[in-house]
Amino acid sequence: MKASTRNSRAMLVAFDFDGTLSDSEMTVLLGSQNGTAEDMADITERAMNNEIEYAESLRQRCALLEDLPDEQAQAAFDEVALRPGAAEVIEALRNAGVYVAILTGGFERGVEAALETEGVEVDAIVANRLPVEDGTLTGEVRGPLISGTKDDAMEVVTAVTGEDRDTTVAIGDGANDLPMLEVANLAIGFDPKPAVAPSCDTSVETMDELYDLLEAEEIL
């Protein structure tokens, strides 16, 4: 990887994961292991359209995973994949000296598996986790992005890195991305849901379009 040189326009780019960097929906993949995938998808869709409070939707989905063997959970996480072109965008940002964070209500293990498969790294992952006891999932969920919101997560990341929030970019698609989209200097919707689009400065539908946009904004 090339040596980084700090970009003066965008010091921090924060990505959502499920629905943005990845078209995999982790809870649906997990649900496919125990026959609850359809229920997972229904709850997820309602949450992303802002029809149900996100924290409640996440708890409902994770409760459906109670007693799922952890080896089956890992098999689901291993299926999580980045979108075509996402690895190239991440690598280009990091080569440009941009601090890249993933802020997701999804799960660390799935994000880490997808990044490892593509051989790319990010600077920070803020995500939730599924507790395991006696080799099975408990049906609970823990982490900073259950009731906590992504603007708070961005505040923590910017404080840790010493970055200026006025030079941040947020990229997301669903209702739980609204807090970070609304506080970012540049809010980019990735094929955003109807309830989310009005809060975006601009939108893209592919990683190639995102790459071109970041170049046009002189972030890359």
Side-chain angles (χ1 to χ4, degrees), residues 9-10 12-29 40-58 61 80-90 92-93 98 100-107 110-111 114 122 124-128 144-155 157-158 165-217 219-220:
R9 283 288 300 279
L12 167 67
V13 174
F15 285 96
D16 170 50
F17 191 78
D18 290 11
T20 301
L21 282 175
S22 174
D23 61 4
S24 306
E25 171 53 54
M26 282 188 231
T27 53
V28 173
L29 290 174
M40 294 285 192
D42 289 344
I43 297 169
T44 298
E45 186 66 18
R46 292 177 62 202
M48 291 301 97
N49 285 318
N50 220 15
E51 297 171 11
I52 181 174
E53 200 269 330
Y54 181 77
E56 177 58 27
S57 79
L58 184 59
R61 285 176 282 166
V80 179
L82 297 182
R83 289 184 186 276
E88 289 77 8
V89 171
I90 291 170
L93 285 167
V98 177
V100 179
I102 294 174
L103 313 182
T104 177
F107 309 111
V111 174
V122 296
I125 299 171
V126 181
N128 294 323
L145 289 173
I146 303 169
S147 297
T149 54
K150 293 188 181 183
D151 56 335
D152 292 333
M154 281 185 70
E155 188 72 44
V157 174
T158 54
R165 195 144 118 177
D166 290 338
T167 59
T168 57
V169 178
I171 306 166
D173 72 304
N176 68 321
D177 298 317
L178 283 170
M180 72 173 182
L181 291 167
E182 289 169 351
V183 300
N185 182 58
L186 176 62
I188 303 173
F190 192 94
D191 193 15
K193 302 292 188 295
V196 177
S199 294
C200 300
D201 297 310
T202 187
S203 297
V204 297
E205 294 187 357
T206 68
M207 285 293 156
D208 286 344
E209 287 183 20
L210 177 59
Y211 195 108
D212 291 344
L213 174 62
L214 294 173
E215 277 194 326
E217 292 288 334
I219 295 165
L220 291 178

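What you see is a predicted model, and the numbers here were worked out from it, not measured in a lab.
- Rounding to the nearest 0.5 angstrom, the gap separating the CG atom in L82 from the OG1 atom in T20 is 12.0 Å.
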task: Give the intermediate values and the outcome of side chain to side chain contact (heavy atoms under 4.5 Å, CB included) for residues L214 and V98.
output: CA-CA 11 Å; L214 294 173; V98 177; over 6 Å; no

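- A donor atom on one side chain and an acceptor atom on the other are not found under 3.5 Å apart for R46 and S57.
- The CE atom of M26 sits 4.5 Å away from atom CG of D18, with the distance rounded to the nearest 0.5 Å.
- With rounding to the nearest 0.5 Å, the separation of OG in S22 from CG in L29 is 8.0 Å.
- For S203 and E205, the side-chain atoms include no donor-acceptor pair closer than 3.5 Å.
- The shortest distance between side-chain heavy atoms of M207 and L21 falls below 4.5 Å.
- Contact record, G172 with D16: CA-CB, 3.8 Å, taken as the closest heavy-atom pair.
- In this structure, V111 and V122 have side chains that are not in contact, with every pair of non-hydrogen atoms separated by 4.5 Å or more.
- In plain terms, the two heavy atoms of G105 and L58 that are nearest each other are O-CD2, 3.9 Å.
- Checked by atom type and distance alone, the side chain of N128 pairs as donor or acceptor with a backbone atom of L145 at under 3.5 Å.
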Just list the side-chain donor-acceptor pairs under 3.5 Å for residues 174-181, sequence neighbours left out, or say none.
residue, atom, partner, partner atom, Å
D177, OD1, K150, NZ, 2.6
D177, OD2, D173, N, 2.8
D177, OD2, G174, N, 2.9

- prompt: Can you list the steps and then say if E25 with M48 is a side chain to side chain contact (heavy atoms under 4.5 Å, CB included)?
  reply: CA-CA 12 Å; E25 171 53 54; M48 291 301 97; 6.0 Å; no

task: Evaluate side chain to side chain contact (heavy atoms under 4.5 Å, CB included) for F190 paired with I188, printing each intermediate quantity in order.
output: CA-CA 6 Å; F190 192 94; I188 303 173; 6.0 Å; no

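- In this structure, Y54 and A47 approach most closely via the heavy-atom pair CD1-CB, 4.4 Å.
- E215 and L220 get closest at one heavy-atom pair: CG-CB, 4.0 Å.
- Remark: V183 pairs with D151, M154, R165 by the side chain to side chain contact (heavy atoms under 4.5 Å, CB included) rule, at least two apart or across chains.
- Looking at N185, its side chain never comes within 3.5 Å of a backbone N or O of T168 through a donor-acceptor pair.
- Counting heavy atoms from C-beta on, the side chains of F17 and V80 come closer than 4.5 Å.
- To the nearest 0.5 Å, the span separating OG1 on T149 from CD on E182 amounts to 10.0 Å.
- When every heavy atom of D23 is checked against every heavy atom of R83, the shortest pair comes out as CB-NH1, 3.5 Å.
- Checked against L213 for a side chain to side chain contact (heavy atoms under 4.5 Å, CB included), the options I171, V204, V169 give a single hit: V204.
- Under a 3.5 Å cut-off, the side chain of E53 and the backbone N or O of E56 do form a donor-acceptor pair.
- Looking at every heavy atom in both residues, A92 comes nearest to Y211 through CB-CE1, 3.7 Å.
- Side-chain atoms of S24 come within 3.5 Å of backbone N or O of A81 as a donor-acceptor pair.
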